[in-house]
Structures are given as C-alpha cells and as structure tokens.
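Taking it in order: structure first as structure tokens, then the write-up.
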Number of protein chains: 2
Amino acid sequence: MKDGPDIARIAALIGDPARANMLVALMSGRALTATELAHEAGVTQQTASTHLARLTEGGLLRQAKQGRHKYLALASDDVGHLLETLMGVAAGSGHLRSRIGPRDAALRKARICYRHLAGEMGTQLYDSLQARGFLDIGDGPRLTSAGQGFMRDFGIDLDALRQGRAPLCRDCLDWSERRKHLAGSLGRALLGRIEALGWARLRPDSRIVEFSRDGERAFAERFPTALETASGSD
Amino acid sequence: MKDGPDIARIAALIGDPARANMLVALMSGRALTATELAHEAGVTQQTASTHLARLTEGGLLRQAKQGRHKYLALASDDVGHLLETLMGVAAGSGHLRSRIGPRDAALRKARICYRHLAGEMGTQLYDSLQARGFLDIGDGPRLTSAGQGFMRDFGIDLDALRQGRAPLCRDCLDWSERRKHLAGSLGRALLGRIEALGWARLRPDSRIVEFSRDGERAFAERFPTALETASGSD
DNA sequence: TTCATAGTTCGATGCTAACCGAAGCATTTC
DNA sequence: GAAATGCTTCGGTTAGCATCGAACTATGAA
C-alpha cells in the first residue's frame with residue numbers, strides 16, 4: 001500500500017494555514033526571526049514556536065541561532081521548488097483567489113519567486129531573452145553563446161555561477177501568468193544585478209519587487225519584448 | 001500576508017494519510033474505481049467516498065462515470081509532478097522510511113513514476129542515453145540528432161510525440177536513487193515500448209514494474225551503462 | 001420484479017492538533 | 001546585580017475532521 005516515502009507527513013506540515021504562511025514568507029529567500037514569522041502567520045509567539053519546531057523537525061526549515069534571535073530559512077532549494085509547484089497547482093486547478101486587491105496587482109507585476117524574478121516582469125525577461133536568441137528553449141532553457149556574451153556584458157559572472165551545484169538555467173511556471181520565467185542560479189543572479197543597479201528594491205514585508213520609474217524604463221530597454229523590438233517601442 | 005494562491009488548502013488535501021495513499025496509487029497513471037481506492041487506502045467505502053469528493057472538488061482528481069463504476073485519475077500531469085516533488089522532499093530531508101521490505105526493493109529497482117520508468121532501471125536508462133551521446137544534458141535533457149535516430153530505430157514515433165503539449169524530454173529527480181531519470185512524453189513512450197516488446201509488465205496492484213529475465217537482458221543490451229560499454233559487458 | 005453491486009448521504013463518535021495564557025529559560029542591556 | 005527582550009514549555013480548552021454504521025439511490029443482472 002504505502003509505496004514510497006511518506007508524503008502525507010510533509011504535506012500535512014504545509015497543510016496548516018499558519019505554517020503555510022510562514023513558508024510562503026520565507027520564499028523570498030531571506031531568513032526571518034521567529035517573532036517576524038509569528039506576525040506573518042497571525043498567531044502568537046507560543047503557537048509560532050511549536051509550528052517552527054515541527055517544520056524544522058520535519059526537514060522543511062533550517063535554523064540558525066544568533067544571539068537571542070533565531071533565524072529561520074527554507075532548508076533547501078528543493079523545498080522552495082516544492083512550494084512553487086504547489087502554488088502552480090493551487091492557482092491552476094482549484095478555486096481562483098477570492099478577491100484581487102491592489103496588493104495582488106503589484107504581486108502579479110513583479111515578485112520574488114524564491115530568489116528570482118517572477119510575475120509579468122519575469123515572463124517579459126524570459127521572452128525577451130528568447131526572442132533575441134540569447135536563450136534557446138528546447139526542453140528546458142539554455143544559454144546560447146550570444147547569450148553568454150550578453151550576460152557578461154550585463155555584469156554577471158557566469159563562471160562563478162557554474163561553480164555551484166544548482167543548474168544555471170531552469171524554467172519555472174508562473175502561477176499568476178501561467179507562463180514560464182527564468183529560475184536557476186542565473187535567474188537569481190539577474191535579480192541580484194537588477195537590485196544592485198538600483199532598478200528595483202525588495203519591499204521589506206512581502207514578496208513584491210518594486211521597480212522605480214527609471215528602473216522600469218532601463219529594464220524595458222535592456223529586455224525589450226519581441227513587439228517593442230520590431231516596432232521600435234513607445 | 002497571504003501572498004499568492006492558497007497552498008495550504010491543497011497541501012491539507014494531500015496531508016491526510018488515506019488521501020495520500022489514494023493519490024500515490026493513482027500515480028501509475030491508471031484510472032481506478034472508488035472501491036479499489038478505498039481498499040488501497042485501507043478505509044471503508046463511505047470514508048473513501050467523502051475523500052474522493054473532496055479531492056475532486058479540490059481539483060486534484062478527475063472523474064469519469066462508466067456504468068455504475070466511477071473511475072478516478074489524477075487531474076493533470078501537474079498533479080503527478082507535484083506528488084513526485086513531494087516524494088523527493090519527503091525522502092531526502094525528513095525521516096527515512098521506517099522499514100525496507102522486499103516490496104521496497106522491487107520498488108527501488110523499477111517502478112512507474114507517473115507513466116514513465118523510475119528506480120534503478122530508470123536511472124540506468126538515463127545514464128546510458130547520456131553516455132552514448134543520445135541525450136545532451138545541459139540545464140535539462142535534450143535529444144541529440146544521433147539520439148533521434150536511436151529512438152526511431154527503437155520504434156518510437158517522435159513526430160507524434162511532438163504533437164502533444166507536454167515537453168518531449170524532462171528530467172525527474174528520483175526519490176529512491178536521488179538521481180535523475182527521464183520523464184516527459186519521450187519517457188512515457190519509452191516505457192510503453194518496453195512494455196509492448198514484452199520486456200516488462202506492470203504489476204496490477206502496485207507501481208512496481210516487473211522485468212522478465214529475457215527482458216532485463218535485452219534492456220541491458222539496448223541501454224548499456226558506461227562501464228559495460230567500456231569493458232565489453234558480462 | 002427481485003436481487004446484487006457501486007457509490008452516496010446522514011448522524012454520531014472519538015481523536016488530533018491548533019490555540020492561547022501563564023510561567024520558565026536564555027541572552028543582552030543598563 | 002536587575003530589567004528587558006526573544007523564545008520555549010506546560011496545561012487546558014476548543015474546533016475540526018476522519019471514521020464507521022446504517023439507510024438510501026442508481027445501475028446492471030437474473
């Protein structure tokens with residue numbers, strides 16, 4: 001009967017709303033303290049403490065004590081990937097979100113999806129790279145030699161990225177757009193570069209990525225969509 | 001707070017042991033009746049009925065009435081992929097399975113992972129294709145032109161596969177081997193061909209794939225590992 | 001019609017776990 | 001030292017839900 005690993009155990013861990021909120025909050029890639037997570041989940045410290053203990057014991061979180069603070073983060077990229085996959089299924093099949101607030105609009109525009117850029121801006125980046133022949137999409141994205149030049153020119157150290165265990169390019173299905181965007185270590189590096197250039201900054205209390213007016217223009221120039229390239233843009 | 005889709009809702013659906021067992025049973029890709037699933041989960045029909053209703057309502061299952069039977073299947077490949085991802089996380093981080101029985105040994109050797117071949121045989125197939133230059137692994141598998149010839153020779157209609165929406169090649173992390181094997185429509189087609197050739201058959205009540213003695217030999221000949229290729233095999 | 005099988009609905013029961021108040025540690029600051 | 005802050009443990013309450021027996025509907029067979 002029970003063929004394979006015990007998926008119910010860890011699904012149940014994610015299945016509680018308070019814990020799910022904590023996990024989603026950690027998808028930004030930042031480590032948060034227990035108190036911050038308690039606030040994020042809308043429960044008291046005591047309750048949060050037990051939840052966090054269970055999540056850690058269950059292998060979903062990693063914790064690091066620092067003074068009297070306890071910082072928590074997702075245990076691995078696998079966990080982040082699992083949460084993204086869950087979001088995809090939850091958004092696709094199943095109830096649509098009940099209400100679309102202004103918060104959601106910003107979230108759809110640009111957000112962090114476990115350290116890389118997602119939302120409309122994320123898919124635009126992906127499409128732009130593909131349309132200009134920098135990214136070759138077969139059964140999974142791959143950087144062309146022209147693309148390698150482009151990335152270096154944009155200030156990304158590809159050799160350093162290749163050191164890591166994580167794949168350079170990976171695509172990730174967007175729950176809001178239902179289209180692909182770029183994940184993997186390159187995806188992360190691109191977001192980091194965009195931040196470093198001052199084009200955008202991470203809103204501290206959520207996963208929303210806020211582009212400045214100039215930043216958005218610079219972004220559109222660097223990563224034009226197929227249409228803008230063809231027509232000369234506005 | 002609640003950024004994005006409601007992942008807790010569907011995680012909670014998977015989080016119940018009875019429901020999880022049902023879902024895992026459906027990972028074979030076959031559609032099963034309500035009674036079969038009740039037996040699989042070890043609960044009575046009444047209990048199973050409510051579970052199945054919830055899973056369907058939650059968008060995880062698809063049902064088709066046929067006479068007085070009700071056949072249930074996973075709603076989409078996405079759901080299958082989600083379950084497999086869950087298995088990966090559950091097997092990796094977290095408790096190891098309590099006991100490894102003979103059932104598990106067979107399961108580790110060769111099993112169905114949502115319609116494609118997984119386990120030792122699955123990773124062997126993957127490694128073999130890669131070692132012989134049929135599969136190019138960059139950031140995701142891709143069939144080389146030599147590989148295309150090989151597949152046609154093996155009796156696989158690539159053009160037909162390309163018609164579908166699903167990607168041709170995709171890699172899938174194996175929970176038992178912690179290594180990759182081949183998913184995607186090509187992965188499915190390969191399993192189908194292996195079955196059609198009589199090399200193996202699906203054990204009706206589980207996800208185990210049973211190779212015959214001759215079938216295993218033929219498989220090893222067609223998909224030799226790097227070592228066997230180099231040394232001339234046994 | 002009568003019987004059998006597949007599946008659903010209802011009501012009652014019992015267990016699990018989420019939750020918070022209060023008290024208890026540990027670490028930092030004054 | 002004492003006070004403050006971050007986090008944990010304990011105990012008791014409450015709510016949700018998985019479970020099954022029993023009764024009910026629907027399809028198919030004799």
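What you see is a predicted model, and the numbers here were worked out from it, not measured in a lab. Numbered from 1 within each chain, the chains take letters A, B, ... in sequence-line order.
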Inset, instruction - Please tell me which of the listed nucleotides, C/dA17, C/dT8, D/dC17, lies nearest to the side chain of B/Lys70? - result: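 Minimum distance to the B/Lys70 side chain belongs to C/dT8.
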
Legend entry - Among C/dC19, C/dA6, D/dG6, the nucleotide that comes nearest once only the side chain of A/His69 is considered: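 Shortest atom-to-atom distance from the side chain points to D/dG6.
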
Inset, instruction - Whenever both distances are under 3.5 Å in a Watson-Crick or G-U wobble pair, mark it; put DNA chain D into dot-bracket that way, with [ ] for crossing pairs and | when the partner is on another strand. - result: ||||||||||||||||||||||||||||||

Taking [X] for the side chain and [Y] for the main chain, is one N or O donor matched with an acceptor at less than 3.5 Å?
X: B/Arg62; Y: B/Leu74; result: yes
X: A/Arg19; Y: A/His51; result: no
X: A/Thr56; Y: A/Leu52; result: yes
X: A/Gln124; Y: A/Phe223; result: yes
X: B/Arg108; Y: B/Gly119; result: no
X: A/Thr85; Y: A/His81; result: yes

Legend entry - Plane angle bin for B/His116 and B/His181 - parallel if under 30°, tilted between 30 and 60°, otherwise perpendicular: tilted

In whole angstrom, give the distance that lies between atom [atom1] of [X] and atom [atom2] of [N].
X: A/Glu36; N: D/dT5; atom1: CD; atom2: P; result: 16 Å
X: B/Arg9; N: D/dC17; atom1: CZ; atom2: C1'; result: 17 Å
X: A/Leu72; N: D/dC7; atom1: CG; atom2: P; result: 8 Å
X: B/Leu37; N: D/dA18; atom1: CG; atom2: P; result: 16 Å
X: A/Asp16; N: D/dG16; atom1: CG; atom2: C1'; result: 12 Å
X: A/Gln45; N: C/dA18; atom1: CD; atom2: C1'; result: 17 Å
X: A/Gln63; N: D/dG6; atom1: CD; atom2: C1'; result: 14 Å
X: A/Leu13; N: C/dA18; atom1: CG; atom2: P; result: 9 Å

Legend entry - Under 4.0 Å protein heavy-atom contacts per nucleotide of nucleotides 20-30 of chain C, with B for base, S for backbone only and - for none: BBB----BB--

Legend entry - Electrostatic pair A/Lys109:A/Glu120 at N-O distance under 4.0 angstrom: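 The answer is no: the pair does not qualify as a salt bridge.
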
Inset, instruction - Answer yes or no: is there an ion pair linking B/Arg188 with B/Asp77, defined by an N-O contact shorter than 4.0 Å? - result: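 Result for this pair is yes, salt bridge flagged.
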
Inset, instruction - Would you please confirm or rule out a distance under 4.0 Å between OP1 or OP2 of C/dA17 and any side-chain N or O of A/His51? - result: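 No.
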
Inset, instruction - Pick base, sugar-phosphate or nothing for B/Ala18, based on heavy-atom distances below 4.0 Å to the nucleic acid. - result: sugar-phosphate

